[in-house]
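Taking it in order: structure first as structure tokens, then the write-up.
Note that this is a predicted model, so its numbers are computed, not measured. Proteins come first, then strands; the chains are lettered A, B, ... in the order of their sequence lines, and each starts at number 1.
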Number of protein chains: 2
Amino acid sequence: MSFDRLDHLCRRLDALDHAQAMLGVDEAVMMPEGSGAARATAMAEIAALHHEMTTAPEVAEWLAAAEAAATEPARVAALREFRRMHSNLTCLSSDFVGRQVRARMASEQLWRQLRPHNDWHGFLPAFREVVALAREEANRRAEVLKLQPYDALMEQYDPGNRMAEVTPVFSTLKVFLKDFIPKAMAAQARRRAGKALRGPFPVARQKALGQAVMAALGFDFGHGRLDVSHHPFCGGVPDDVRMTTRYRTDEFLSSLMGIVHETGHGLYEQGLPGEWRHWPVGKARGMALHESQSLFVEMQLARRAAFWKFALPLARQHLGAAKLLGVSVASMVRAVQKVKPGLIRVDADEATYPLHIMLRYELEQALISGSLKPEDVPEAWNARMQESLGLDTRGNFRDGPMQDVHWPSGAFGYFPSYTLGALAAAQQFAAIRRALPDVEEDIARGHFARINDWRRDHIWSKGSFLSTQEIMRQATGEALSPRAFMAHLEERYL
Amino acid sequence: MSFDRLDHLCRRLDALDHAQAMLGVDEAVMMPEGSGAARATAMAEIAALHHEMTTAPEVAEWLAAAEAAATEPARVAALREFRRMHSNLTCLSSDFVGRQVRARMASEQLWRQLRPHNDWHGFLPAFREVVALAREEANRRAEVLKLQPYDALMEQYDPGNRMAEVTPVFSTLKVFLKDFIPKAMAAQARRRAGKALRGPFPVARQKALGQAVMAALGFDFGHGRLDVSHHPFCGGVPDDVRMTTRYRTDEFLSSLMGIVHETGHGLYEQGLPGEWRHWPVGKARGMALHESQSLFVEMQLARRAAFWKFALPLARQHLGAAKLLGVSVASMVRAVQKVKPGLIRVDADEATYPLHIMLRYELEQALISGSLKPEDVPEAWNARMQESLGLDTRGNFRDGPMQDVHWPSGAFGYFPSYTLGALAAAQQFAAIRRALPDVEEDIARGHFARINDWRRDHIWSKGSFLSTQEIMRQATGEALSPRAFMAHLEERYL
């Protein structure tokens, strides 16, 4: 009875989630500029309604009664994940949430305005406010969840992420990368450069190529589509996955690699279990596993030499053979496998990317604990960039601590998921290679069915029934570790 | 206090309306085919939530208390329109609504399947069920609203529409048209045919022409856009008006005339008052006035000779001068002003269209009163088509009583709005011509600002603060009558 009431509520909430997801997609892809205010009002009202419906007093009663009555394992798991969502929503007062939403919106708007002007000092007051609220949030969540404050923040994005497990993994990786990156760059310098790719590549042809690659990778166009937006994303709902990219005509790889990355996210969503789709337990497990699915397709599949045996003929077919005259699989591989330290996280290659993440992970912990003051972030940032990538960022706030939207929008605790996802992807690919020793032949032929079957069985169909760690253990035979990722880098770049 | 609670509720309901409108647009314009079931589920849940929120017992209490306290005229009007919506929603039991929704969906699906096969007898059982439920609905509404049953159905689409006023108007018009149509066709036969328009007209060029015409007509592209869908519509919300059309490449007039028609709807929405936008009183007055706005642009402006002095050069510019070589304003006017009796309402010209409506108006009343049985509809249809347009429809159910979606979907009482809108548009144009004697020069120059100012002042900005009749009286100096429309037809076609 109580369970049925929760089931009914989940259907209602899922419908609101569906609406919010689609309104978000429409805003990025279709909405005329002047309609932003009305759209923001509508989405804020729906979010408030969603919050009220979830946190209504009777829901807590239903939940307790349903938990007491549940014995069937699927129901127990469904109630566990509902409880997790419920705690995440109820542990902050609505007064606090209101203050935080306003501070985050003000800070993010100010950041958008000041970043182009490199104006750190103008941004600092808003940043201070956001950090202060994040500390308050972390402490409140920590108290309810019985966790360390920073762990309580990570918990929202990746249930089960704990500093006690993440820090040693990152430390091992850091030591490895300090030695590996110079070696990889030296090896790279010894190789001949590939043939340069010369545009223009018309957008319509790039789109057709992208869609052909998506279809080969297993994306279901009956339940999703590819559009254009300023910032590429994978949105929508499992039954209707909306992916975007953006095109430049002087080259096609940045768009195509973006498409394959988002296709990874899309396949995970399309592969989620059908039966529990309206409950939290039917949704994707967390950001690390989600990122593992996009990086699996982008890094493990699409930046592999075998992939280009299949993809280069497809590229010739769609972009025109004349445009790719003299371009070999080897030169495509050189183009998609480059190690080059840089200031910007989102432009980083897979080898230097984790160092960007570790920098943020360390500074976030210090900001949340209070050992680092917001005004001292640029100095700390520069020190770590010097140490890890040998780059000087003094005075360059725009490409330093002002480069990401996460901090201005108050999303502390999110960054680690990116690198944990990269490690998980490498570990999953290694497991698939053990299960299917001839997997490279599948890739070279553009046959991804066996690979996707493995991923559907071991990851997608699990929804949130198991923890991230348990999914990884059952899928790969061991807990998440940096080993497969390090082996992957050595195999690819040395 | 009670008013503020209703205001808060209206904001919530308006956000849900916003979501439903955009989900509907997305479904028609963007959604992949396989996602229909998930979309239908989400929209049904949101509709149920909307219904529950509006009909919750406390809302009736707030409404009564707010009505007792309100003195300020705008508030009184806002509460009056809220009461109207509330009565419309609460006068049917949710059990009855559920039965009706299921019967309508089944009947509409069956109709889509059987119409291509001309299978009236297969459709009849579902049609019987829908008619029986419409009769029950009409009687329930009539009891609550103290109206005649058919009036109670019309009231949903056009508050204030009453058979006692509509029937004499239609009778006058019917007598006029019986005499007028043969005369118009004879006059038409005496004129030389215009130069035939020869395609192909590429879609991208037609779209650019359509957008240029929309912009000239005053459509705000900062708060709306034009897309493609199978059935053209004007959807979205006042702050974000989404219009669609469809293109064929052998000719461009059907799409362009469709675009100007929908632009008329869009201008009304964009011109609604800002302050009360989330209350029912801030929304469009009814379907007749809405249709008057689309027909004003299509029939009164865009099928007028003056319009083509402005539009023909624009068409040359966008479609290519070579494509319109030897085409004169006179030949464009001939192409857009044709009287030709036919079987299909949506393809009918403005002179024969009212006869299609009167046929449906008469049969609907007879179906609702019970004097006509569903199985006798084809015979009654044929008799009226013979009498009014001289056309035989025996055995042709597909282009007879099975041609429209309205009956299969249970929308009885809607049809009169189309013709009342046509009369209102002619009456509005006549009033503008009295206020702005040189209005034809504005049209010939593509300057629609003065015309739109008049329409904004007299119609758009009124929202639902006044009744349709009162809006017409204040705008044109008299109640809605067929006189201006008849004069318009004589001026144009004789």
Side-chain angles (χ1 to χ4, degrees), chain A residues 8-27 29-50 52-53 204 219-227 235-244 266 269-270 274 277-278, chain B residues 8-27 29-50 52-53 204 219-227 235-244 266 269-270 274 277-278:
Chain A
H8 182 253
L9 175 64
C10 283
R11 283 189 200 283
R12 285 281 159 89
L13 296 176
D14 193 50
L16 295 182
D17 288 341
H18 182 119
Q20 295 282 66
M22 287 301 160
L23 291 174
V25 170
D26 179 89
E27 179 166 355
V29 174
M30 299 289 279
M31 194 185 76
E33 221 176 307
S35 307
R39 177 61 53 87
T41 301
M43 291 183 73
E45 286 288 346
I46 294 173
L49 178 61
H50 190 290
E52 276 172 29
M53 286 166 65
F219 187 86
D220 173 5
F221 279 99
H223 292 87
R225 49 179 290 155
L226 173 67
D227 292 296
V237 296
D239 282 295
D240 191 356
V241 171
R242 303 295 177 93
M243 279 176 44
T244 69
E269 290 289 318
Q270 291 186 332
R277 200 153 269 189
H278 57 296
Chain B
H8 182 251
L9 176 65
C10 283
R11 283 188 201 283
R12 286 281 159 89
L13 296 176
D14 193 48
L16 295 183
D17 288 341
H18 182 121
Q20 295 282 65
M22 288 301 162
L23 291 174
V25 170
D26 179 89
E27 180 165 353
V29 173
M30 300 288 279
M31 194 184 76
E33 220 176 307
S35 307
R39 176 63 50 89
T41 301
M43 291 184 73
E45 286 287 345
I46 294 173
L49 178 61
H50 191 291
E52 277 172 29
M53 285 167 66
F219 187 87
D220 173 5
F221 279 99
H223 291 88
R225 50 180 288 154
L226 173 68
D227 292 296
V237 296
D239 282 294
D240 192 355
V241 172
R242 303 295 178 91
M243 277 175 45
T244 68
E269 290 289 318
Q270 290 186 333
R277 201 153 269 190
H278 57 296

### Task
Kindly indicate, with the supporting measurements, whether the criterion side-chain contact (heavy atoms from CB on, under 4.5 Å) is fulfilled by A/D26 and B/R242.
CA-CA 12 Å; A/D26 179 89; B/R242 303 295 178 91; 2.7 Å; yes
Relative to chain B, which segment of [X] carries a heavy atom at a distance below 4.5 Å: side chain, backbone, both, or neither?
X: A/L23; value: side chain
X: A/D227; value: side chain
X: A/E27; value: neither
X: A/A48; value: both
X: A/M53; value: side chain

#### Entry: Structural part of B/R39 lying under 4.5 Å from a heavy atom of chain A
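Both the backbone and the side chain of B/R39 come within 4.5 Å of chain A.
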### Query
So do the side chains of A/L16 and B/L49 get within less than 4.5 Å of each other, counting heavy atoms only?
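A side-chain contact under 4.5 Å exists here.
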### Query
Looking at B/R12, B/M22, B/R11, which has the largest count of heavy-atom pairs under 4.5 Å with chain A?
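Among the listed options, the one with the most contacts to chain A is B/R12.
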### Query
Hey, which of B/G34, B/A19, B/P238, B/A37 has the most heavy atom pairs under 4.5 Å with chain A?
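The candidate making the most pairs under 4.5 Å is B/G34.
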For the student: nearest non-hydrogen atoms of [X] and [Y], plus distance:
X: A/R225; Y: B/M30; value: NH1-O, 2.8 Å
X: A/E45; Y: B/A15; value: CB-CB, 3.5 Å
X: A/G222; Y: B/P32; value: O-CB, 3.5 Å
X: A/A38; Y: B/H18; value: O-CE1, 3.9 Å

#### Entry: Under 3.5 Å: donor-acceptor pair, side chain of B/S35, backbone of A/H223
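No.
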